[in-house]
Structures are given as structure tokens and as C-alpha cells.
Amino acid sequence: MDFDLSEELEALQTSVRRLAQHKVKPRARAIDKEGTYPQDLFEAFRDAGLLGLCLPTEYGGSGAGILGLAIAIEEVAKYSNSAALMLLLTRLPTGPVMIAGTEAQKARYLPGIADGSLRAAFGLSEPQAGSDVMGMRTKGVPEGGTGRSAGSGWILNGTKCWMSGVREADWYTVFAKTSGDPASRSHDSITAFIVERTWDGVEVGRTDHKMGVKGVDTGELLLNDVHVPAENVIGEVGGFRLAMLGLNAMRPIVAARGIGLAEGALMYATEYVQQRAAFGKTIADFQGIQWEIAKCAVDIEAARLLTYRSAVMADRGQYTKEFVPYLSMAKYHATEMAVRASSLAVQLLGAAGYMEDHPTEQWYRDAKQLTIVEGTSQVQLGLIARGVLDRDLWWD
Ligand SMILES: Cc1cc2nc3c(=O)[nH]c(=O)nc-3n(C[C@H](O)[C@H](O)[C@H](O)COP(=O)(O)OP(=O)(O)OC[C@H]3O[C@@H](n4cnc5c(N)ncnc54)[C@H](O)[C@@H]3O)c2cc1C
């Protein structure tokens with residue numbers, strides 16, 4: 001067991017920390033206020049080689065893996081969770097392609113993500129099907145025939161919603177029911193596809209008005225008789241498991257958004273209470289305040305350990321069922337902790353923390369997204385419990 005980062009990862013952490021301080025921090029409030037996509041930061045990330053962190057070197061990435069991406073996201077999330085989400089989107093839609101895609105798919109769709117010439121988004125959720133993924137209604141029908149084979153391709157129809165980065169994306173990983181029975185809850189009834197933005201029948205629908213993470217839009221993707229060639233099926237037809245594997249491997253990356261946010265919030269609030277005078281001392285002199293700071297610091301470090309360990313596991317390919325409790329634990333703890341830490345930061349600043357003059361109110365709004373996306377806290381608790389009940393997590 002070694003708790004130190006490798007030299008390469010430490011260098012990555014240092015350089016992203018600097019970039020985040022110089023480029024992300026000064027822009028964070030304006031991004032939130034204006035709610036527009038920060039193309040300048042996308043270009044800064046591209047120029048620093050951060051868009052390909054989790055992609056293999058043979059496809060133009062740097063091969064830093066999920067741990068490398070998590071470390072970079074942690075630094076960026078200290079100031080802006082929108083910017084952190086931009087980095088996360090280099091992995092969420094590409095994950096299924098990396099896990100189960102063909103060589104041709106990888107060669108066509110991955111290098112552009114690494115060099116910033118392509119962007120992608122991930123479409124699993126539907127208006128009536130969030131946690132209950134099997135409730136999805138988007139349908140894939142074999143072109144010119146029925147049954148499970150589709151030599152000449154598929155026709156997709158349906159609506160995906162709450163899709164992060166839907167407007168900027170050039171291609172989408174989308175999931176559809178392909179079993180012929182839209183009511184089927186069988187796991188082999190869902191298939192993953194790569195869909196390009198410019199294809200006929202692909203349209204971006206409404207954009208959501210949301211409470212935080214305003215720099216990256218979320219919205220609808222409308223699929224209306226979209227022809228998808230057979231070679232754009234990711235993995236097997238009926239490979240729903242792929243959606244779960246992709247999301248399992250993402251847990252440490254979402255967790256990193258939480259730990260970075262909490263670190264940023266606690267550092268900011270600590271500096272504030274150390275200079276805020278009250279009752280003839282500073283707020284930081286009160287033991288009650290110090291204990292809150294201490295508890296939050298413990299929370300952050302516990303979440304970091306869970307997150308880094310789960311990232312190492314995911315990089316080893318340990319994202320199948322038996323590892324799920326560890327991955328889910330990181331996501332659950334780090335994101336719930338981010339909500340607590342940002343709430344504490346608002347509280348420590350008092351009225352000032354509630355006002356837009358300080359970033360605390362923004363952290364507070366941004367943090368809440370994290371306990372909902374990519375498997376809610378309740379879904380993670382269910383998965384952790386399942387792990388214990390099935391003895392995947394056991395101490396004997
Ligand atoms: C800002 C943002 C960005 C997003 N980006 C994307 C994206 O890029 N791609 C994408 O596909 N989706 C995206 N989503 C959607 C997200 O994945 C879903 O919101 C999430 O899966 C939860 O689904 P839901 O909102 O339908 O909630 P529901 O499933 O309706 O859940 C409502 C509540 O019930 C609880 N609940 C549900 N089932 C259970 C259960 N079995 N036991 C206990 N409690 C339960 C939930 O935890 C939650 O508290 C995004 C969402 C947000 C807010």
C-alpha cells in the first residue's frame with residue numbers, strides 16, 4: 001500500500017492547480033452569473049492537454065487514467081464545478097466506447113475528444129426514467145426487419161433529457177430499448193449507440209434552467225427516425241450492462257467534483273473567519289467554530305481516501321459488481337460531504353456567505369447537483385447495501 005501519488009501525478013496536480021488558480025478562479029463567478037459555456041476554459045484545458053487525460057495514448061490521450069482525471073477535476077472544482085464538468089465530459093460518454101467499443105469506433109470518436117476538435121455527451125435519462133433506467137422509452141428498431149439482428153442498422157426514436165453538454169456535443173452515447181417490447185425490464189433489452197449530431201432526425205430540444213453548474217447546459221436530445229449504422233452499436237446488442245459498467249467507473253470522477261468543491265469552500269471560509277473580528281477576537285478563535293472546521297477537514301480527507309482508492313480500482317478495471325460498493329461509497333460520501341461543507345462555508349460567513357459578493361452561495365447551489373447526477377445518493381446506498389448483503393463487502 002502506497003498513499004503517495006506518483007511523480008507524474010504529483011506534477012499533474014501541481015500544474016492543474018496553477019491553471020485553476022490563474023484561469024478558472026478569476027472566471028468562476030462570471031460563468032455562474034452569465035450561464036454561458038466557457039469556451040475560453042475549454043481551450044485552456046485543450047492547450048494544457050487535459051481533455052485527453054483519461055484517454056489511452058494510442059488514441060491521442062495521455063493515459064493518466066481515471067485517477068489522473070480525478071486529480072485534475074479536484075483542482076478545478078475548487079473554483080468552478082462547471083469547469084470540472086467540462087473535464088468530466090471527456091470520460092462519461094467515451095467510457096462505454098473505451099470499455100466495449102470496436103477499434104474503428106475508438107479511432108473515429110476518441111482522438112477528437114483528446115485534441116478538443118470533438119465534444120460528446122451521454123444520454124441515459126428520460127423524462128420518466130432517471131434512477132429507473134429500465135423505464136426508458138427510446139426505441140431502437142432494426143432497419144428493414146424485426147428480430148435481434150440488424151445488419152444494415154437501426155432506427156432510433158425517443159427523447160433523452162437533462163443531458164449535460166448537449167448543445168456543444170458533436171456525438172452522443174445514447175441508450176435505447178432494442179428488444180421490441182418497450183415495457184420490457186429485461187437487462188438485455190437495452191443497447192448503446194453512438195449518434196452523431198449532424199445526422200438527420202437528431203435535434204437538441206429545450207435547455208433546462210437550473211440552480212447551479214450553470215456554465216454547462218443540460219437539456220433534451222430529440223431522436224426522430226434517426227438512422228444509426230450497425231457499426232455504431234457499442235458492444236453487444238442488448239448490452240445494458242455496459243451502461244452500468246460505464247457509470248461504475250465514473251463514480252470516482254463525480255466524487256472528485258465533490259472533494260474539490262469542499263476543499264475550495266472550506267479554505268475560503270477558513271480565511272474569512274480568521275480575519276473576521278467579533279467579541280474582541282476573530283471568529284476563528286471560538287472553539288465551536290474550530291470544531292466545525294475540524295469535522296469538515298476529517299470529512300474531506302475521508303472522502304479523498306475513498307475517492308483515490310476507487311479511482312485506482314477503476315483504473316485496474318475493477319468496476320464490475322464485486323467492486324461496486326467501494327465505487328459507490330466514494331461517490332456517496334464525497335458528494336454528500338460537499339453539500340455539508342458548502343453549507344458550513346455559507347454559515348461561517350454569516351450574511352456575507354448568503355450574498356453574491358462571495359462564492360459560498362455558488363458552491364452551495366453547485367454541490368446539490370452532485371448528490372443527484374449519475375446515480376442519486378439513495379441509489380448509491382442501495383448499491384452499497386447490496387454489496388454487503390451479497391458479501392462483496394465483508395470484513396471476515
Ligand atoms: C444537472 C444535471 C445534469 C445531468 N446530466 C445528465 C447527463 O448528462 N446524462 C443523463 O443521462 N442524465 C443526466 N442527469 C440526470 C440524472 O442522472 C438523474 O437526475 C438521476 O439519475 C436521477 O433521476 P431522476 O432525476 O429521474 O430522479 P428519480 O429517479 O425520479 O428519483 C427521485 C427521488 O427518488 C429517489 N429514489 C428513486 N428510486 C429510489 C429507490 N429505488 N430507493 C430509494 N430512493 C429512490 C431518488 O434518490 C431521488 O431522491 C442530470 C441531472 C442533473 C440534475
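Heads up: numbering here begins at 1 and tracks the sequence. Counting convention: from 1, in listed order, for ligands and their atoms alike.
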For the pair E361 (side chain) and G353 (backbone), establish whether a donor and an acceptor sit closer than 3.5 Å, ignoring hydrogens and angles.
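Flag not set: sc E361 to bb G353 has no pair under 3.5 Å.
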Do the side chain of Y364 and the main chain of A345 share a donor and acceptor less than 3.5 angstrom apart?
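Not confirmed, Y364 side chain does not pair with A345 backbone.
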Ligand 1 and [X], any nitrogen or oxygen pair closer than 3.5 angstrom?
X    : value
Q378 : yes
Q369 : no
F122 : yes
L124 : yes

For [atom], find the nearest protein heavy atom and state the residue, atom name and distance (0.1 Å precision).
atom                    : result
atom 8 (O) of ligand 1  : S164 N, 2.8 Å
atom 10 (C) of ligand 1 : S125 OG, 3.4 Å
atom 26 (O) of ligand 1 : G130 CA, 3.2 Å
atom 51 (C) of ligand 1 : V373 CG1, 3.6 Å
atom 27 (O) of ligand 1 : S131 OG, 4.1 Å
atom 7 (C) of ligand 1  : W162 O, 3.3 Å

Tell me whether [atom] lies less than 4.0 Å from at least one protein heavy-atom position.
atom                    : answer
atom 5 (N) of ligand 1  : yes
atom 33 (C) of ligand 1 : no
atom 2 (C) of ligand 1  : yes
atom 30 (O) of ligand 1 : no
atom 40 (C) of ligand 1 : no

Do [X] and [Y] make a side-chain contact, defined as non-hydrogen atoms from C-beta onward lying under 4.5 Å apart?
X    : Y    : value
T173 : Y109 : no
R91  : M98  : yes
V216 : F42  : no
V166 : Y172 : yes
W199 : V228 : yes

Restricting to side-chain hydrogen bond (donor to acceptor under 3.5 Å, both in side chains), what partner residues turn up for R46, sequence neighbours left out?
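R46 satisfies side-chain hydrogen bond (donor to acceptor under 3.5 Å, both in side chains) with no residue once adjacent residues are dropped.
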Tell me whether ligand 1 is touched by I372 - counting only heavy atoms on the residue side and a distance under 4.0 Å.
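Contact check I372 vs ligand 1: positive.
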Sub-4.0 Å atoms of ligand 1 with respect to non-hydrogen atoms of M163:
7 (C), 8 (O)
For ligand 1, is any non-hydrogen atom under 4.0 Å from T376's backbone (N, CA, C, O), its side chain (CB onward), both, or neither?
side chain
Relative to ligand 1, is E374 under 4.0 angstrom through side chain, backbone, both or neither, heavy atoms considered?
backbone
Listing, residues 115-126 side-chain donor-acceptor contacts under 3.5 Å, not counting sequence neighbours, or none:
| unit_1 | atom_1 | unit_2 | atom_2 | d |
| --- | --- | --- | --- | --- |
| D115 | OD1 | S117 | N | 2.8 |
| D115 | OD1 | S117 | OG | 2.6 |
| R119 | NH1 | Y37 | OH | 3.0 |
| R119 | NH1 | Q39 | OE1 | 3.1 |
| R119 | NH2 | Q39 | OE1 | 3.3 |
| E126 | OE1 | Q128 | NE2 | 3.1 |
| E126 | OE1 | R137 | N | 2.6 |
| E126 | OE1 | T138 | N | 3.3 |
| E126 | OE2 | T138 | N | 3.2 |
| E126 | OE2 | T138 | OG1 | 2.7 |
| E126 | OE2 | K160 | NZ | 2.7 |

Under a plain distance cut-off of 3.5 Å, with no hydrogens placed, do H358 and Y268 share a side-chain donor-acceptor pair?
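Yes.
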Atom CG in L370, atom CD1 in I259: separation rounded to 0.5 Å?
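Answer for the CG-CD1 pair, L370 versus I259, is 11.5 Å.
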Examine Y308 and F323 and state if one hydrophobic cluster contains both, with Ile, Leu, Val, Met, Phe, Trp and Tyr joined whenever side-chain heavy atoms are less than 4.5 Å apart.
no
